[in-house]
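What follows is one structure encoded as structure tokens, with my remarks underneath.
All residue numbers in this chain count up from 1 along the given sequence.
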Amino acid sequence: MMQRIKLIPASEAHLPAIHEIAVCSFPDPWSEAILLQTFQSKHSIIQCAVDQERICGYLVVSQAGSERSIDEIAVHPDARRQGIAAALLQWAHQAHHQYSSDSFWLEVRESNQASIALYQSLEYVRSGFRKRYYQNPTEGALLMTKSPVEKMHPDA
């Protein structure tokens with residue numbers, strides 16, 4: 001099923017569909033106003049997964065110093081477990097590979113075992129914990145980090 005998925009940069013016209021996915025995915029979703037601010041920020045990128053002209057997932061990446069932050073990633077409930085989130089994350093890692101000194105980090109609900117497993121499969125490791133970070137319900141967040149890929153020396 002992944003053959004039908006295309007990854008494209010978000011446009012302002014995509015924001016309502018992205019917001020709909022956020023509402024389906026998070027107890028405290030970002031508002032359309034926050035999505036618009038993020039879209040307009042020079043420090044953030046929103047990438048969409050499209051299935052037959054329908055936005056089915058998205059990823060928000062921002063630069064925080066020498067690191068890249070995965071600020072949000074979500075897939076519409078009827079498109080989950082098809083590798084879309086992994087494809088979006090792999091796109092982010094590949095799109096930013098020229099920044100070899102940069103690492104990626106993200107926060108995830110401590111109870112979200114499916115997402116934690118996905119991040120671990122992509123070489124993210126637990127690097128911290130934030131107590132009572134999330135609401136509805138209140139719970140902690142695991143801080144996970146993916147270290148930069150070491151560049152191979154041509155003589156190696």
Original post:
Mind checking whether F104 and H93 have parallel, tilted or perpendicular rings, split at 30° and 60°?
Top reply: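 Plane angle over 60°, so perpendicular.
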
Original post:
Any idea which heavy atoms bring L88 and L59 closest together, and the distance?
Top reply: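 Scanning both residues, the minimum pair turns out to be O-CD2, 3.3 Å.
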
**OP:** Could you pull out the closest heavy-atom pair between I21 and C56, with the gap in Å?
**Re:**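 Between these two residues, the closest heavy atoms are CD1-C, 3.6 Å.
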
Between the side chain of [X] and the main-chain N/O of [Y], is any donor-acceptor distance below 3.5 Å?
X	Y	answer
R80	V75	yes
E123	K146	no
S127	L143	yes
N112	S115	yes
S121	L118	yes

**OP:** Taking only Lys NZ, Arg NE, NH1 and NH2, and the carboxylate oxygens of Asp or Glu, determine whether R132 and E139 approach each other closer than 4.0 Å.
**Re:**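 Result for this pair is no, no salt bridge flagged.
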
4.5 Å side-chain heavy-atom contact, [X] and [Y]:
X	Y	result
Y134	D28	no
Y119	T145	no
L122	Q90	yes
L142	Y133	no
S31	I34	yes

Subject >> Close aromatic pair by centroid cut-off 6.0 Å: Y58 and H76 >> reply: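 Aromatic pair excluded; centres sit 6.0 Å or further apart.
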
